2 protein chains.
Amino acid sequence: MDALDTAILRVLALDARATFAQVGEHVSLSAPAVKRRVDRLRERGVIRGFTVRLDPAAMGWQTEAFVELFCQGSTSPATMRSAVEHYPEVVAASTVTGDVDLMVQVRARDMRHLERVVERLAAEPFVARTRSTVVLSALVRRPDVPPAPEG
Amino acid sequence: MDALDTAILRVLALDARATFAQVGEHVSLSAPAVKRRVDRLRERGVIRGFTVRLDPAAMGWQTEAFVELFCQGSTSPATMRSAVEHYPEVVAASTVTGDVDLMVQVRARDMRHLERVVERLAAEPFVARTRSTVVLSALVRRPDVPPAPEG
DNA sequence: TTTGAAACTGGATGGAT
DNA sequence: ATCCATCCAGTTTCAAA
């Protein structure tokens, strides 16, 4: 993980389908050199994969919410994960500090759909109660990017 | 946006660097046919771009938090956005329902870094106060995917 | 209108240096 | 890491369904 790797990842974050030659122009490297570094970053797991960025509204995802779960006693993160990862509507889930135990981000077609998902989450055996916050508008949404050098 | 487009997007969500021929095998279409559809999806803005999925820890992002902002009187979403989008540490920001006005997701190198970012956010002129929730562990993190057919 | 086949252009990839 | 040669993917054109 040197400055060149970071520079390559920065280019790929903006356009993951850029050719190795195009990436090479940005970082002053030949195409084969870029390829070798990308292959190595994949092997090491730094790169988890490549994906497409979609317009959620165009896809039919019109409603988004943060659903906070308060869990019974000491529910293990593994239990929480396996419960929550079966929902296709769950975009992200994290255990967090504070009174909430699990923060779940849900994407649904509409309010009716969201309501059903929240009801199903609330019915999970380890869930004591839920608190939902609906997203009004997504102001910023950025892809993964390597951190800037100390500042 | 028909079933073929959706199928193509599903394949690209899993591997955005798949060749058009490979995508075509999954959806029973020739490479040129796939390319034409992908081009059209980009033109229409359904596809916003292609990006890389990174291991945040490997990148030096060790700390993540939800920072809720309570704003003065009626601050416009445009004001919130332009303030918040200048922070490289801000991964996402959304206006939300409830007592919180703006939900900001922040990624920082460490607690010290996170603290400074929260201080800067709190010092924004329109911010009355903040409430932060630190992520303990990210259980699920999924890329954008087209919704499943009604269920 | 959208597809598949063919042809051409240019990128991916492995080996030599 | 670059250069080069080979192979294969991207891209355009065209004819057909």
Side-chain angles (χ1 to χ4, degrees), chain A residues 1-61 109 142-150, chain B residues 1-60 142-150:
Chain A
M1 263 323 286
D2 59 7
L4 276 172
D5 288 330
T6 302
I8 289 170
L9 293 177
R10 232 178 274 283
V11 175
L12 289 177
L14 292 174
D15 179 11
R17 281 185 79 94
T19 68
F20 292 133
Q22 288 170 334
V23 176
E25 288 197 9
H26 283 91
V27 304
S28 306
L29 230 51
S30 69
V34 173
K35 183 201 184 305
R36 273 192 298 271
R37 281 173 177 268
V38 170
D39 285 347
R40 202 158 147 273
L41 288 167
R42 294 189 78 151
E43 279 165 21
R44 289 171 45 203
V46 175
I47 293 178
R48 293 190 167 167
F50 299 93
T51 193
V52 61
R53 298 179 64 195
L54 300 172
D55 175 2
M59 296 310 312
W61 295 126
R109 284 185 296 274
R142 259 202 281 268
D144 291 348
V145 159
E150 287 293 324
Chain B
M1 263 324 285
D2 59 8
L4 275 173
D5 288 329
T6 301
I8 289 170
L9 293 177
R10 234 177 272 280
V11 175
L12 289 177
L14 292 175
D15 179 12
R17 282 183 78 92
T19 66
F20 291 132
Q22 287 169 335
V23 177
E25 287 197 11
H26 284 91
V27 304
S28 306
L29 230 51
S30 68
V34 173
K35 181 199 185 311
R36 275 189 297 265
R37 280 171 177 268
V38 170
D39 286 347
R40 201 156 147 272
L41 288 167
R42 295 189 78 150
E43 279 165 22
R44 291 171 44 202
V46 175
I47 292 179
R48 293 190 167 166
F50 298 93
T51 194
V52 62
R53 297 180 66 195
L54 300 172
D55 175 3
M59 296 310 310
R142 258 201 282 267
D144 291 348
V145 159
E150 288 292 325

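Everything numeric in this text was worked out from a predicted model, so none of it was measured. Numbered from 1 within each chain, the chains take letters A, B, ... in sequence-line order. Below, all heavy atoms of this structure are taken into account, side chains as well, without hydrogens, waters or symmetry copies.
Here CD1 of B:Ile47 is found 6.0 Å from CG of B:Leu12. Values are rounded to the nearest 0.5 Å. Rounding to the nearest 0.5 angstrom, the gap separating the CG atom in A:Asp5 from the CE atom in B:Met59 is 9.0 Å. To the nearest 0.5 Å, atoms CZ (A:Arg53) and CG (A:Leu14) are separated by 8.5 Å. Atom CZ of residue B:Arg17 and atom CD of residue B:Gln22 lie 11.5 Å apart, to the nearest 0.5 angstrom.
Here C:dG11 presents its C1' atom at 14 Å from CG of A:Asp39, a figure rounded to the nearest Å.
Between A:Arg37 and the phosphate of D:dA1, there is a side-chain N or O to OP1/OP2 separation shorter than 4.0 Å. Look at A:Lys35 and you'll find a side-chain N or O under 4.0 angstrom from OP1 or OP2 of C:dT13. Phosphate contact (OP1/OP2 of C:dT2, side-chain N/O of B:Arg40, threshold under 4.0 Å): absent.
The environment of B:Arg44 atom CZ is dense: over 12 non-hydrogen atoms of other residues, nucleotides or ligands sit within 6.0 angstrom.
Of the candidate nucleotides D:dA1, C:dT13, C:dT3, D:dA1 has the atom nearest to the side chain of A:Ala33. Residue B:Leu29 places its side chain closer to C:dT3 than to any other of C:dA6, C:dT13, C:dT3. Comparing D:dT12, C:dT13, C:dG4 by their closest approach to the side chain of B:Ser30 singles out C:dG4.
Within residues 1-28 of chain A, the residues having any heavy atom closer than 4.0 Å to DNA chain D are, in order of number, A:Arg17.
Here the shortest heavy-atom pairing between A:Leu4 and A:Val27 reads CD2-O, 3.6 Å.
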